K.L.:
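First the structure, then my questions, so here it is.
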Amino acid sequence: MTKYTPTIGIEIHVQLNTKTKMFCSCDNDSRTAEPNTNICPVCLAYPGTLPVVNGAAVRSAIKLGLALEAEIARDTKFDRKNYFYPDLPKGYQISQFDQPIVGEGYVEVLVDGEWQRIGVERAHLEEDAAKLIHPAGKDYSLVDYNRGGTPLIEIVSKPDIHSPSAAKRYLQEIYNIAMSLGITNGDMEHGNFKFDLNISVSDTDELGTKVELKNLNSFRNAERALSYEIARQTELLEKGEKIDQETRGWDDAKSKTFSQRGKEMAHDYRYFPEPDLPPLKITDEMIDEVRAVMPALPREVRKRLESIGIVVDDQDLLIDQPQTLQIFDDAADALEQPALIKKAVNWLVGDYQPLLARGPSKLTGAHLAELILLVDSGDISGKIAKDIFAEVVNGASPKSIVADKGLKQMSDTGELEAIVKDVLDKNPQAIADYKAGKAQALGFLVGQVMAATRGQANPGLVNKLLVQYLQA
Amino acid sequence: MSKLSKEELANIATLARLGLSEDELNRLGGQVGSILEFVEQLQKIDASGVKQTSQVTGLVDVWREDEVVRCELSREELLKNAPATEKGYIKVKRVLQ
Ligand SMILES: [Zn+2]
């Protein structure tokens with residue numbers, strides 16, 4: 001059987017979370033807005049209006065470019081991409097054609113235990129289209145222009161991806177980068193991060209006929225759709241049939257791709273330079289300004305976590321949850337010792353996750369560090385720490401919970417000795433059993449002392465004291 | 001270059017969303033062809049020493065700060081020119097989905 005190699009290229013559209021739209025001063029946040037309430041003559045394409053570039057969107061693009069280790073274009077301009085559709089009021093989309101703001105770059109992703117470099121061809125700024133609604137059973141569609149003009153960055157990968165899992169990793173890495181840069185709200189269900197996947201298979205050095213999977217917004221579905229397509233295309237080729245160059249969609253319910261032909265139109269966008277927007281000159285000063293406020297990137301965070309011995313799965317989780325990572329960083333600063341810092345990771349990837357899934361968390365790094373130190377010093381047992389953790393996640397200070405509830409572990413020998421003696425006096429049978437060689441009698445006595453102290457005794461110390469008395 | 005073929009003209013009309021009748025297609029082919037010919041004279045100019053530009057205004061770096069300015073016009077006023085609306089949406093002929 002011939003071995004077919006898949007080749008995958010990805011285009012990602014990231015909606016930017018700037019305050020205003022790409023080319024007008026309308027509010028860019030329409031999450032709770034009524035339809036067509038964040039619109040103006042510019043984003044409705046009234047004749048005679050002029051677009052003006054949003055400087056914050058340009059800075060977001062530079063940030064992303066730096067994170068992708070890419071060349072930032074010193075001369076960049078906008079172009080018109082011409083086509084007719086009701087979600088596009090001007091009859092063209094302002095995009096960037098031959099002078100994108102971000103040039104070639106790359107990301108590094110871990111695929112099946114090996115680091116792979118995946119190239120980025122380019123990234124450019126453009127404006128989003130309006131939202132179309134198609135009421136069931138009606139012969140019309142409805143248009144809400146609130147989204148029209150939202151700044152987008154399109155990131156185009158090189159065809160460097162050769163497996164569905166690598167594609168998923170690439171998508172996640174770009175998503176994590178965009179999130180850590182804070183340039184998008186990243187709400188995938190609401191289209192903040194969408195992608196088109198180009199996939200072909202071939203058993204020669206030449207690329208096969210490519211199929212485009214359009215408009216996906218879930219990492220898992222991207223991986224599934226690609227696996228399905230690779231199998232479908234391979235099967236066709238093995239049967240001696242040919243692949244149609246076409247656009248296909250992903251049907252989640254049926255777990256298969258389906259042809260979207262019929263919608264297909266020959267693409268002839270007739271790009272030309274946008275005459276209403278003067279070109280941009282990106283200076284060293286602008287780039288340096290952006291560089292000065294760059295946050296830590298996923299790969300830097302990964303390196304740091306790696307260096308303190310945190311395993312890859314836990315690294316992934318912390319990178320996927322920027323707030324959890326912040327808690328970790330703050331706790332690690334307070335804890336200093338590697339053994340204690342690892343305990344912070346254990347809490348955050350373990351007990352913390354189900355609590356976080358239940359609702360918003362008020363856990364701070366300072367409180368987590370405090371809890372870990374209380375256990376380390378022997379002031380409370382590990383069990384008490386687990387018992388009070390939910391309250392700590394709700395924002396309470398571990399020290400004050402311990403003080404308020406009297407949970408401090410009894411480690412004072414004098415006080416404990418009295419209780420131990422008392423328990424022994426009340427349980428002569430257990431003493432006899434122990435002396436007769438029944439080891440479990442000791443466990444019973446430890447339990448009695450723990451009960452008498454309402455769980456606050458240090459179990460190790462109780463054990464030691466009991467053995468001393470019993471063997472005396 | 002001579003006149004535009006009928007197919008070329010029909011394609012341009014489709015892209016520009018113009019509905020041309022058979023008669024118009026026949027008639028305009030020659031006219032559009034001669035406009036193109038006229039513009040083609042520019043190709044004869046030696047521009048080898050001239051830097052390419054897409055702008056003649058001389059402006060660069062025109063941008064604005066990212067501050068929301070609410071539009072003074074109401075939704076009703078802004079949508080007034082739409083042929084049809086429904087519940088604040090603009091109503092259009094159904095498009096495939
Ligand atoms: Zn606007």
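Within every chain, numbering begins at 1; the chains are lettered A, B, ... in the order of the sequence lines, protein sequences first and strands thereafter. For clarity, every value in this text was computed on a predicted model and none was experimentally measured.
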K.L.:
By a 4.5 Å heavy-atom criterion (distance strictly below it), what part of I39(A) contacts chain B: side chain, backbone, both, or neither?
P.N.:
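I39(A) touches chain B through backbone and side-chain heavy atoms alike.
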K.L.:
With a 4.5 angstrom heavy-atom cut-off, which part of L280(A) approaches chain B: side chain, backbone, both or neither?
P.N.:
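Interface part for L280(A): both.
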K.L.:
Less than 4.5 Å to any heavy atom of chain A: does that hold for the side chain of E67(B), its backbone, both, or neither?
P.N.:
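Interface part for E67(B): both.
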K.L.:
For A16(B), is it the side chain, the backbone, both, or neither that has a heavy atom closer than 4.5 Å to a heavy atom of chain A?
P.N.:
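When you check distances to chain A, only backbone atoms of A16(B) fall under 4.5 Å.
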K.L.:
Going by the rule side-chain contact (heavy atoms from CB on, under 4.5 Å), which residues pair with E34(A) if we only count those two or more places apart in sequence or in a different chain?
P.N.:
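Applying side-chain contact (heavy atoms from CB on, under 4.5 Å) to E34(A) gives T37(A), R75(B).
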K.L.:
Name the region of I133(A), side chain, backbone, both or neither, that has any atom closer than 4.5 Å to a heavy atom of chain B.
P.N.:
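Just its side chain gets close to chain B.
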K.L.:
Is it the side chain or the backbone of E72(B) that comes within 4.5 Å of chain A heavy atoms, both, or neither?
P.N.:
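Neither part.
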K.L.:
Holding to side-chain contact (heavy atoms from CB on, under 4.5 Å), I want the full list of residues that pass it with A56(A), two or more places apart in sequence or in another chain.
P.N.:
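Partners of A56(A) under the side-chain contact (heavy atoms from CB on, under 4.5 Å) test: T18(A), N54(A), R59(A), D66(B).
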K.L.:
Give me the atom names and distance for the closest heavy-atom approach of K21(A) to G149(A).
P.N.:
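That closest heavy-atom pairing would be CB-O, 3.2 Å.
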K.L.:
Under a 4.5 Å cutoff for heavy-atom pairs, which residue among T53(B), N11(B), N81(B), T57(B) has the most contacts with chain A?
P.N.:
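Heavy-atom pair counts peak at N81(B).
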K.L.:
Can you tell me which of P275(A), P278(A), S141(A) forms the most heavy-atom pairs within a distance under 4.5 Å of chain B?
P.N.:
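Result: the option with the highest number of such pairs is S141(A).
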K.L.:
Testing the basics here: between C43(A) and N38(A), what is the closest heavy-atom pair and its distance to 0.1 Å?
P.N.:
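Reported closest heavy-atom pair: SG-O, 4.3 Å.
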K.L.:
Please determine which of R80(A), K81(A), K90(A) meets the salt bridge (charged side-chain N to carboxylate O under 4.0 Å, His left out) test together with E127(A).
P.N.:
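Of the listed residues R80(A), K81(A), K90(A), the salt bridge (charged side-chain N to carboxylate O under 4.0 Å, His left out) partner of E127(A) is K90(A).
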K.L.:
Using a strict cut-off of less than 4.0 Å between a Lys/Arg side-chain nitrogen and an Asp/Glu carboxylate oxygen, indicate whether E22(B) and R27(B) qualify as a salt bridge.
P.N.:
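Answer for the salt bridge query: no.
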K.L.:
Just so I understand: if I count every heavy-atom pair under 4.5 Å between each of D27(A), V52(A), L44(A), D144(A) and chain B, which residue has the most?
P.N.:
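Counting heavy-atom pairs under 4.5 Å, the top option is V52(A).
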K.L.:
Of all heavy-atom pairs between Q15(A) and L152(A), which one has the smallest distance, and what is that distance?
P.N.:
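Minimum heavy-atom separation between Q15(A) and L152(A): CG-CD2, 3.4 Å.
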K.L.:
Which atoms of P51(A) come close to chain B, meaning under 4.5 Å heavy atom to heavy atom: side chain ones, backbone ones, both, or neither?
P.N.:
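Nothing of P51(A), per the 4.5 Å heavy-atom cut-off to chain B.
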K.L.:
Treating R147(A) as the side-chain partner and A130(A) as the backbone partner, does any N or O pair qualify as donor plus acceptor under 3.5 Å?
P.N.:
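Yes, R147(A) side chain to A130(A) backbone: donor-acceptor pair under 3.5 Å.
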K.L.:
Considering only heavy atoms, which portion of V58(A) lies under 4.5 Å from any heavy atom of chain B: side chain, backbone, both, or neither?
P.N.:
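The side chain, not the backbone.
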K.L.:
May I ask you to name which of G55(A), P35(A), P135(A) has the most heavy-atom pairs under 4.5 Å with chain B?
P.N.:
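The option with the most such pairs is P35(A).
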K.L.:
Relative to chain A, which segment of K91(B) carries a heavy atom at a distance below 4.5 Å: side chain, backbone, both, or neither?
P.N.:
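Both backbone and side chain of K91(B) come within 4.5 Å of chain A.
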K.L.:
What part of M286(A) lies closer than 4.5 angstrom to a heavy atom of chain B: side chain, backbone, both or neither?
P.N.:
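Side chain of M286(A) only, per the 4.5 Å heavy-atom cut-off to chain B.
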K.L.:
Please round to the nearest 0.5 Å and tell me the distance separating atom CG of N146(A) and atom CG of N36(A).
P.N.:
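If I round to the nearest 0.5 Å, the distance is 6.0 Å.
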K.L.:
Is it the side chain or the backbone of P86(A) that comes within 4.5 Å of chain B heavy atoms, both, or neither?
P.N.:
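Only the side chain of P86(A) comes within 4.5 Å of chain B.
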K.L.:
Are D61(B) and K281(A) close enough for a salt bridge, meaning some N to O gap below 4.0 Å?
P.N.:
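Salt bridge absent between D61(B) and K281(A).
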K.L.:
In terms of heavy-atom pairs under 4.5 Å, which option from V56(B), V68(B), T85(B), L79(B) contacts chain A the most?
P.N.:
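Answer, by heavy-atom pair count under 4.5 Å with chain A: V68(B).
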K.L.:
Which answer fits F272(A), side chain, backbone, both or neither, if we ask what part of it has an atom under 4.5 Å from a heavy atom of chain B?
P.N.:
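Contact with chain B is absent: no heavy atom of F272(A) under 4.5 Å.
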K.L.:
Between the side chains of R94(B) and D139(A), is the shortest nitrogen-to-carboxylate-oxygen separation below 4.0 Å, so that they form an ion pair?
P.N.:
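Not counted as a salt bridge, because no side-chain N and carboxylate O are separated by less than 4.0 Å.
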K.L.:
Which atoms of L73(B) come close to chain A, meaning under 4.5 Å heavy atom to heavy atom: side chain ones, backbone ones, both, or neither?
P.N.:
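Answer is side chain: those atoms of L73(B) sit under 4.5 Å from chain A.
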